K.L.:
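Handing you this structure, nothing more for now.
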Amino acid sequence: MAVTANILSTDLNGLILQNPIITASGTYGYNCEYDDFIDVSKLGAVVTKAISLRPRAGNKNIRIMETKAGIINSIGLENVGIEKFLTEKLPVLQSKHINFIVNIAGSTIDEYIELSKVCEANKIKTIELNVSCPNVKSGCLEFGTDESSLYELVNEVRKIYNGFLIIKLTPNVTSIEKIGLAAQKAGANAVSAINTLKGSSIKLNLIKGKFQKEIISGGYSGTGIKPVAINAVLRLSKVLNIPIIGIGGIENLDDVLEFFAAGAEAVQIGTANFTHPDIAEKLLFELSEYIKINGFKDLDDLKKELRA
Amino acid sequence: MAVTANILSTDLNGLILQNPIITASGTYGYNCEYDDFIDVSKLGAVVTKAISLRPRAGNKNIRIMETKAGIINSIGLENVGIEKFLTEKLPVLQSKHINFIVNIAGSTIDEYIELSKVCEANKIKTIELNVSCPNVKSGCLEFGTDESSLYELVNEVRKIYNGFLIIKLTPNVTSIEKIGLAAQKAGANAVSAINTLKGSSIKLNLIKGKFQKEIISGGYSGTGIKPVAINAVLRLSKVLNIPIIGIGGIENLDDVLEFFAAGAEAVQIGTANFTHPDIAEKLLFELSEYIKINGFKDLDDLKKELRA
Amino acid sequence: MINTNTKKIFTSKVSKIEKIAESSYLIEIECNFPLSVIPGQFISVYCDGLTLRRPFSVFSTNENKIGILFKERGKGTRYIKSLKQGDFIDIAGPFGNGFNIKNQKSLLIGAGIGIAPVAFLKSRLEELKIPNLLISGFLNKFEVPKNIIIDKICTDDGSLGEKGSVLNYLGQTINEFKPEVIYACGPSVVLKTIAKTGKTFDIETQVAMEKVMACGIGVCRGCVIDIRKDGKVINAAVCKDGPVFKGDEVVWQ
Amino acid sequence: MINTNTKKIFTSKVSKIEKIAESSYLIEIECNFPLSVIPGQFISVYCDGLTLRRPFSVFSTNENKIGILFKERGKGTRYIKSLKQGDFIDIAGPFGNGFNIKNQKSLLIGAGIGIAPVAFLKSRLEELKIPNLLISGFLNKFEVPKNIIIDKICTDDGSLGEKGSVLNYLGQTINEFKPEVIYACGPSVVLKTIAKTGKTFDIETQVAMEKVMACGIGVCRGCVIDIRKDGKVINAAVCKDGPVFKGDEVVWQ
Ligand SMILES: Cc1cc2nc3c(=O)[nH]c(=O)nc-3n(C[C@H](O)[C@H](O)[C@H](O)COP(=O)(O)OP(=O)(O)OC[C@H]3O[C@@H](n4cnc5c(N)ncnc54)[C@H](O)[C@@H]3O)c2cc1C
Ligand SMILES: Cc1cc2nc3c(=O)[nH]c(=O)nc-3n(C[C@H](O)[C@H](O)[C@H](O)COP(=O)(O)OP(=O)(O)OC[C@H]3O[C@@H](n4cnc5c(N)ncnc54)[C@H](O)[C@@H]3O)c2cc1C
Ligand SMILES: Cc1cc2nc3c(=O)[nH]c(=O)nc-3n(C[C@H](O)[C@H](O)[C@H](O)COP(=O)(O)O)c2cc1C
Ligand SMILES: Cc1cc2nc3c(=O)[nH]c(=O)nc-3n(C[C@H](O)[C@H](O)[C@H](O)COP(=O)(O)O)c2cc1C
Ligand code: FES
Ligand code: FES
């Protein structure tokens with residue numbers, strides 16, 4: 001039996017993915033929701049929607065607004081909660097052989113600990129901590145914006161969770177390097193960067209001398225944030241030893257290569273899944289063709305040249 | 001003689017502008033460079049390129065790169081220095097009756113003090129502090145990213161400078177509110193927000209198996225940063241008592257109105273001057289037509305409705 | 001009923017585009033496979049340069065062609081309008097739950113471009129020989145799409161058919177036609193009144209809702225509305241749980 | 001010489017657009033006022049959806065028409081290519097300092113699309129009856145623009161004219177033609193060699209440089225290069241101080 005080497009194989013410092021194309025949390029559901037468009041099991045991994053201890057109904061206001069270069073979302077972490085995830089979503093991931101990463105979100109360290117325990121108990125091999133959630137204790141500051149809170153959080157989770165631990169960094173900070181270093185020091189296996197930028201948009205409609213206003217404040221994603229994401233990856237790659245998963249505004253193969261050149265080992269596709277629901281598989285195909293056509297040995301060889 | 005009321009008159013807490021359309025630092029030169037396209041003296045004000053104590057040659061690398069939703073610049077504050085500004089540029093501003101704001105930049109508090117003294121001595125009525133410059137003393141952190149450095153800086157300048165003092169805030173911080181409050185407390189008359197976002201971009205060109213790479217890391221501006229700017233203005237307007245000048249990605253009248261709705265009293269146009277060198281005058285005209293056609297009394301009336 | 005093709009996304013050719021009323025257009029797209037769609041389901045169109053696809057109710061299917069009606073509003077619809085016969089268009093779908101067709105006397109109501117899914121439903125009801133009446137309201141005669149069979153037309157300015165909103169004729173029509181079920185599509189305020197009226201007359205209403213959509217398939221939770229189910233208010237995704245809902249389940253704003 | 005109109009920005013009509021070589025085009029734009037341009041000056045074109053205007057050397061002016069030659073490269077030039085006769089185009093200029101025309105025997109060198117400003121210069125020299133020779137290099141015969149009078153053509157593959165780069169024939173041409181001044185436009189590596197060669201032969205060279213531009217008028221300092229002036233290296237803006245520089249003043253990379 002001939003063995004075909006997988007040229008896209010991606011080693012994230014121990015976590016081996018069949019390829020570096022991952023779909024980002026909040027844009028891909030919980031498991032096989034995109035089966036109508038692509039074969040989801042082919043992806044490097046699917047990151048689940050952020051899962052909290054209890055189900056959450058999310059925000060009441062306007063949840064999505066398009067801007068010239070992306071969208072702003074204010075979903076408010078609506079999700080089914082960890083219990084329903086385990087009983088209804090996890091079995092599908094397993095039976096369909098989908099590679100997955102569970103994104104978890106809490107509002108206290110205890111909630112993160114509890115969630116990590118459940119993941120550990122259920123043999124979930126990889127989790128991504130969404131740390132862009134307000135830390136209820138510290139007066140609503142997000143965990144991911146303060147080195148010491150983040151260190152404490154990651155350190156506590158690390159004690160409990162033995163799988164592969166990814167920390168998802170927020171760009172809404174003065175120094176993303178400091179936050180990344182805190183995550184690394186506390187035992188993270190990798191970081192992913194970036195989560196959404198803080199953004200707002202106001203739509204005005206003048207009707208008989210009065211303005212009808214739609215205001216949204218939330219997370220800004222899409223092509224408009226790519227320069228910020230590339231900047232973050234470049235800066236992180238200068239200071240970290242653990243792998244970086246690049247996220248932010250990826251829409252095509254050039255964007256993927258740009259993230260590799262900046263230092264990312266794998267990438268996550270978010271908003272572009274909405275624009276082109278089959279984009280993740282397309283990128284997979286294009287990346288593999290690109291490597292072959294241009295005579296690179298494999299993905300690692302391509303990355304080496306991109307960073308030369 | 002009939003007196004026509006100026007419906008666009010803008011009172012920034014004492015600083016009266018003939019209208020709220022200002023052109024942003026670094027995108028409009030020093031005085032009348034745009035005379036080929038518009039009548040510059042009609043503008044609310046022109047903010048000069050950042051001026052430092054001594055002339056600066058700027059950066060050596062790639063200085064401008066376009067991205068999908070804006071540009072990244074790494075000019076490195078190339079400028080003629082304060083002396084040449086006073087002897088060559090200021091007289092033109094004065095003789096042409098151009099309303100202007102001098103943007104100043106230093107790398108130590110002493111440099112800012114020195115610059116402010118010169119401005120005070122030369123009766124320059126309004127200055128804007130560019131605080132996105134690395135603070136040499138504090139190991140390269142920017143003044144504008146640290147509350148206490150910023151407070152100290154503004155406080156020192158305030159002691160010397162009696163004119164109208166605007167602090168230009170950087171968005172590359174965890175809490176822009178805290179920085180804005182520090183500026184206000186130290187005696188700023190207004191803030192302008194935002195300066196450029198930190199961004200990077202990498203252009204790749206594969207030639208015979210090797211990548212030619214162009215990398216830029218610098219300030220990201222243009223339509224892609226508007227959601228971040230609107231977010232900043234909304235947040236600042238909740239905590240500050242001094243006026244806010246909105247900046248970031250403004251390209252058309254809708255954008256101007258959006259900034260007013262978010263709480264800005266005036267706006268600055270930056271990158272759009274490159275795209276449409278006559279945009280500032282166009283916006284002026286459109287704003288005034290908009291007010292008349294829709295039956296608002298004047299700009300203040302329009303702003304009131306926009307914020308109702 | 002679902003798409004018999006395995007993939008719900010495809011690039012296809014525009015086979016026809018034509019103006020059917022003031023700033024309203026019909027576009028027909030070739031599908032190289034049979035496509036079964038329930039009236040009320042929608043497709044989403046990728047519009048060059050825009051992040052979000054734009055959803056449109058299916059208006060017609062025949063001989064491997066799918067048609068939608070659209071009104072020009074902003075960048076997305078201007079892009080679609082710019083397409084010409086033979087151009088390629090990237091569409092995905094069909095998505096969502098369409099009208100739950102009952103073998104009952106049916107009143108169909110379309111307000112403005114909301115005519116699209118109910119006109120499609122009407123053609124299905126005719127095939128099924130279910131008695132029905134389609135009443136539709138527009139601003140003025142220029143907004144009334146040509147080549148669509150509408151049983152009763154109202155215009156706000158009275159320039160065609162009855163003068164006034166469809167809502168003005170709702171009670172009267174119910175009394176005269178005596179429908180057992182009402183299917184409707186149009187602005188939310190109109191649907192709300194229809195739902196309330198249905199309740200008053202004790203007639204089931206089914207309303208096709210609209211909400212800004214990102215994913216179109218229920219994953220982003222961007223398009224949720226409040227629905228009352230078993231006494232509890234829960235989130236329902238317009239794209240996946242709808243766009244058609246029972247009028248009395250919607251928690252109206 | 002400057003634009004006699006007061007404003008340097010205007011929206012005008014495309015009077016002609018035509019393919020002149022492999023992926024190269026000539027576009028002519030109507031100007032409703034007389035426009036005096038020096039060869040080497042450029043205009044900038046607003047390209048729909050792009051932040052930066054795109055600069056192009058003026059190729060021709062006649063009877064209130066201004067022409068540019070452009071090669072399709074990315075989004076901007078694809079946009080311009082998509083324009084049709086009668087469409088509107090937003091142009092600004094003319095900007096920069098053109099060639100400093102000497103009443104001397106002139107060698108003109110254009111590499112690739114760099115032919116545009118030197119072909120324009122040639123027509124001006126002909127008017128002024130200044131003896132000149134235009135030598136131009138291209139990849140192959142398909143890249144050679146039609147309807148431009150070129151005295152000597154080289155192609156890399158030898159499919160038209162001499163085989164090889166213009167640079168291969170530089171020494172020979174200088175020896176034979178004995179120019180007193182050399183004007184050139186093309187890729188930076190070509191210009192560098194021309195400048196060095198000019199120095200060797202003690203002939204003045206004027207080179208039209210390119211650099212990514214934002215403002216086009218000297219204010220943003222985005223397009224600066226190093227220039228040696230009075231023994232000191234200083235920044236010069238390609239858009240305002242150039243695009244034409246003396247070859248021996250440029251600090252070549
Ligand atoms: C299920 C559903 C079915 C629809 N069927 C039809 C139809 O058959 N014919 C028709 O003309 N219109 C239909 N619409 C509305 C149509 O989607 C909008 O008119 C269109 O998206 C406008 O896009 P635009 O870029 O031209 O306008 P824009 O200027 O971008 O937006 C104008 C308005 O359109 C709506 N809109 C914009 N983007 C979206 C989005 N991504 N998702 C949903 N709504 C959006 C918003 O209300 C917005 O205020 C339907 C909407 C939904 C949700
Ligand atoms: C003074 C000057 C005169 C020029 N004259 C001509 C000419 O007569 N004919 C011609 O075909 N080309 C000319 N060019 C080059 C032309 O400007 C570029 O080919 C064009 O901008 C490409 O735009 P694009 O969007 O198609 O390609 P992109 O894919 O955006 O860019 C391709 C390359 O074009 C250049 N470029 C992109 N944007 C700019 C910009 N804003 N300013 C300058 N260069 C840019 C860069 O080198 C870039 O790598 C000239 C450039 C300059 C600076
Ligand atoms: C609608 C939406 C929901 C999201 N939900 C989550 C989430 O639950 N957890 C999380 O860590 N990130 C979430 N994100 C952030 C994305 O995973 C991603 O980091 C971000 O969108 C930037 O990538 P993009 O520009 O490719 O979209 C969400 C993004 C969007 C657009
Ligand atoms: C090329 C360039 C140079 C700039 N130089 C300065 C500067 O010298 N001082 C300053 O305070 N801001 C500078 N800025 C920032 C702008 O004034 C403005 O804050 C920013 O570009 C955001 O606005 P915009 O999106 O409208 O461009 C510069 C921006 C650009 C694009
Ligand atoms: S649009 Fe994403 S859930 Fe409906
Ligand atoms: S492009 Fe701005 S200085 Fe030349």
Side-chain angles (χ1 to χ4, degrees), chain B residues 23-39 46 48-50 55-80 203 214 216 218 220-224 249 251 270-279 281-282, chain D residues 2-11 41 43-55 73-76 79 90-96 187-189 210-227 229 232-241 251 253:
Chain B
T23 50
S25 179
T27 67
Y28 230 65
Y30 300 99
N31 45 46
C32 62
E33 285 91 335
Y34 278 77
D35 262 356
D36 277 344
F37 311 106
I38 72 167
D39 179 352
V46 167
T48 68
K49 172 75 199 163
R56 290 180 56 148
N59 286 338
K60 277 293 165 215
N61 300 331
I62 298 170
R63 288 188 170 196
I64 295 275
M65 207 183 278
E66 193 181 48
T67 68
K68 276 212 189 131
I71 57 173
I72 299 172
N73 87 76
S74 166
I75 308 297
L77 293 187
E78 173 173 347
N79 78 94
V80 299
K203 263 201 191 161
E214 297 181 17
I216 191 167
Y220 175 30
S221 64
T223 188
E251 293 187 329
T271 305
N273 293 311
F274 302 154
T275 321
H276 302 290
D278 56 353
I279 182 96
E281 195 177 66
K282 219 175 234 167
Chain D
I2 53 147
N3 185 341
T4 55
N5 186 46
T6 46
K7 299 297 172 210
K8 280 203 174 181
I9 182 161
F10 43 95
T11 296
Q41 285 191 303
I43 59 167
S44 73
V45 177
Y46 169 68
C47 302
D48 199 35
L50 301 185
T51 304
L52 297 183
R53 302 176 78 87
R54 299 298 197 254
R73 298 192 57 184
K75 279 194 189 171
Y79 163 79
D90 168 353
I91 71 175
F95 297 127
S188 184
V189 282
E210 290 194 5
K211 197 92 199 208
V212 172
M213 293 179 178
C215 71
I217 56 167
V219 313
C220 77
R221 315 308 295 167
C223 70
V224 301
I225 58 170
D226 284 346
I227 288 290
K229 267 252 162 87
K232 274 194 300 190
V233 172
I234 57 162
N235 284 344
V238 170
C239 66
K240 184 147 190 277
D241 306 314
V251 180
Q253 303 300 326

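Numbers restart at 1 for each chain; the letters A, B, ... are given by sequence-line order, proteins then strands. Being a predicted model, the structure only gives us computed values, none of them experimental.
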K.L.:
Checking heavy atoms, do the side chain of B:Tyr28, its backbone, both or neither come under 4.5 Å from chain D?
P.N.:
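Just the backbone, heavy atoms under 4.5 Å.
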
K.L.:
Quick check for you: among B:Thr223, B:Thr271, B:Asn79, B:Ile38, which has the greatest number of heavy-atom pairs under 4.5 Å with chain D?
P.N.:
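Max contact count across the listed options: B:Ile38.
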
K.L.:
Looking only at atom types and distance, does a side-chain atom of B:Glu33 sit under 3.5 Å from a main-chain N or O of B:Asn31, one as donor and one as acceptor?
P.N.:
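Yes: the side chain of B:Glu33 pairs with the backbone of B:Asn31.
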
K.L.:
If we define contacts as heavy-atom pairs under 4.5 Å, which of B:Gly70, B:Gly76, B:Gly58, B:Gly222 has the most with chain D?
P.N.:
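Sorted descending by pairs with chain D, the first entry is B:Gly70.
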
K.L.:
Without swapping roles, check the side chain of B:Asn273 against the backbone of B:Gly270 for a donor-acceptor pair under 3.5 Å.
P.N.:
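Side chain of B:Asn273 to backbone of B:Gly270: a pair is present.
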
K.L.:
For B:Ala69, is it the side chain, the backbone, both or neither that has a heavy atom under 4.5 Å from a heavy atom of chain D?
P.N.:
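For B:Ala69, the contact with chain D is made by the backbone alone.
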
K.L.:
Out of curiosity, B:Ile279 CD1 to B:Thr23 OG1, how far, rounded to the nearest 0.5 Å?
P.N.:
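Output value for this atom pair is 12.0 Å.
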
K.L.:
Is B:Ile62 close to chain D through its backbone or its side chain, or both, or neither, when contacts mean heavy atoms under 4.5 Å?
P.N.:
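Neither part.
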
K.L.:
Measure D:Lys75 against the heavy atoms of chain B and call it side chain, backbone, both or neither at under 4.5 Å.
P.N.:
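Just the side chain, heavy atoms under 4.5 Å.
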
K.L.:
Side chain, backbone, both or neither: which part of D:Leu52 has a heavy atom under 4.5 Å from chain B?
P.N.:
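Both backbone and side chain.
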
K.L.:
Please classify the contact between D:Leu50 and chain B as side chain, backbone, both or neither, with a heavy-atom cut-off of under 4.5 Å.
P.N.:
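It is both, since atoms from each part get that close.
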
K.L.:
What is the minimum heavy-atom distance between B:Lys203 and B:Met65, and which atoms define it?
P.N.:
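Heavy-atom minimum between the residues: CG-SD, 4.0 Å.
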
K.L.:
Could you check which of D:Ala214, D:Gly216, D:Cys223 has the highest count of heavy-atom pairs closer than 4.5 Å to chain B?
P.N.:
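The candidate making the most pairs under 4.5 Å is D:Ala214.
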
K.L.:
Ignoring hydrogens and geometry, is there a side-chain-to-backbone donor-acceptor pair from B:Arg63 to B:Asn61 under 3.5 Å?
P.N.:
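Pair absent, no side-chain N/O of B:Arg63 close to backbone of B:Asn61.
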
K.L.:
Would you check if the side chain of D:Asp226 reaches a backbone N or O of D:Val251 as a donor-acceptor pair within less than 3.5 Å?
P.N.:
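Checked: no pair found.
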
K.L.:
Using modelled atom types and a 3.5 Å cut-off, is there a donor and acceptor pairing between side-chain atoms of D:Ser44 and backbone atoms of D:Arg54?
P.N.:
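No; judged by distance alone, with no hydrogens or angles, the pair does not exist.
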
